[in-house]
Amino acid sequence: MKRVFSGVQPTGNIHIGNYLGALKQFVQLQEENDAIYCIVDMHSITVPQDPKVLRQHILDVAALYMAVGLDPKKSIIFVQSDVPGHAELSWILTCNSYTGELSRMTQFKQKSKGKESAPTGLFTYPILMAADILLYDADIVPVGNDQKQHIELTRDIAIRINNKYGETFVVPEGQFVKSGARVMALDDPTSKMSKSAENPHSRISLLDEPSKIKKSIMKATTDSEGVIRFDIENKPGISNLLSIYSAFSGLSIEELEKKYDSQGYGTLKKDLVEITVDALAPIQARYREIRDSQELLDALKDGGQRANAIAEKTMKRVKDRFGLGL
Ligand code: TYM
């Protein structure tokens with residue numbers, strides 16, 4: 001059995017990009033692996049958060065985890081800050097990382113663009129992510145494309161420490177889906193769909209009502225050619241809609257191009273609305289059942305304890321290697 005680990009930030013507006021790129025894989029991977037899924041609340045405080053809202057968002061993401069099909073009997077589901085090992089290991093990894101490699105992270109470059117000074121947490125964010133992964137000896141890390149560089153850094157740090165201190169960490173592999181690893185914004189298909197974009201029609205959130213989903217898709221930016229074909233460079237809008245359609249329906253892009261041969265964009269969009277609404281309806285129903293339940297709190301408590309037991313073992317091994325403590 002392989003160990004799988006991944007995480008999602010509790011920042012609200014979890015969208016179909018998060019679902020198609022990450023959560024959907026989480027559910028498949030829990031069947032035949034030893035899977036651990038985290039709500040990474042300590043990552044979310046790299047930017048200011050309202051404490052009351054953050055607590056709610058932690059529960060929102062936990063409920064969404066379960067609503068998309070994660071089963072606490074099959075997977076460990078827990079909150080990052082419930083396990084002290086993440087922060088502890090993060091410091092040890094910080095002492096084995098370089099400012100040069102962190103400066104090259106595109107997410108940091110984007111988030112700190114134009115600022116003379118950026119929050120230190122934004123800069124060291126990828127190290128905390130490496131700690132999350134290495135703490136659990138993860139073999140596989142299912143994520144969207146935007147996390148590729150962070151996974152590479154995690155591997156580099158693990159290999160560096162293994163070379164210097166002897167076999168300490170499992171070197172993990174990122175796992176990416178074919179369709180949906182990079183869902184683009186509906187209003188600007190050249191940038192990725194994001195939780196924090198100002199325009200709510202740039203994304204479809206998992207909890208959006210059918211009328212909102214319809215509006216966002218029907219307004220989605222396309223082009224004036226009028227031909228439905230996949231061509232990311234010249235037709236990023238239509239290509240994005242086709243990818244989303246393919247990921248939700250299981251039909252390949254080629255099958256979709258055939259199906260919509262000589263049809264208009266309006267038809268494609270209308271069908272995509274239906275497919276999306278139908279895919280999200282059961283998730284939304286399950287979410288409403290579970291969000292305020294004791295079952296959810298119990299799952300997180302139990303998950304935290306099980307995660308901590310694994311983390312403590314790793315920390316003992318790491319401290320031994322580094323000669324920390326007695
Ligand atoms: P986060 O919370 O931004 O996103 C959660 C997951 O969704 C994926 N994703 C997307 N996939 C396809 N298209 C998109 N437009 C899109 N936007 C987001 C992300 O790649 C991610 O898989 N740093 C991580 C959280 C994290 C983590 C970890 C992940 C912290 N520690 C350890 C894996 C392992 C993040 O901010 O994801």
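Residue numbers count from 1 along this sequence. All ligand and atom numbering here is 1-based and tracks the order in the structure.
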Filter the ligand 1-protein atom pairs down to N or O on both sides and distance under 3.5 Å, then list them.
from	atom 1	to	atom 2	distance (Å)
ligand 1	2 (O)	Q9	N	2.9
ligand 1	2 (O)	K195	NZ	2.7
ligand 1	4 (O)	N18	ND2	3.3
ligand 1	7 (O)	N18	ND2	3.0
ligand 1	11 (N)	G17	O	3.1
ligand 1	13 (N)	V183	N	2.8
ligand 1	15 (N)	V183	O	2.8
ligand 1	15 (N)	M193	O	3.0
ligand 1	20 (O)	G144	N	2.8
ligand 1	20 (O)	D146	OD1	2.4
ligand 1	22 (O)	G144	N	3.2
ligand 1	23 (N)	Y125	OH	2.7
ligand 1	23 (N)	Q147	OE1	3.1
ligand 1	31 (N)	D132	OD2	2.6
ligand 1	36 (O)	Q9	NE2	2.9
ligand 1	36 (O)	Y125	OH	2.6

Partner residues of Y125 under the side chain to side chain donor-acceptor pair (under 3.5 Å) criterion, sequence neighbours left out = Q9

Which value, rounded to the nearest 0.5 Å, describes the distance between I275 atom CD1 and I217 atom CD1?
-> 9.5 Å

Residues that Y265 engages under ring-ring contact (aromatic ring centres under 6.0 Å, His included), provided they are two or more places apart = none

Looking at R286 and E289, does any basic side-chain N land under 4.0 Å from a carboxylate oxygen?
-> yes

Could you tell me whether D34 and R3 make a salt bridge, using a distance below 4.0 angstrom between a side-chain N and a carboxylate O?
-> yes

By salt bridge (Lys or Arg N to Asp or Glu O under 4.0 Å), K219 pairs with (sequence neighbours left out) none

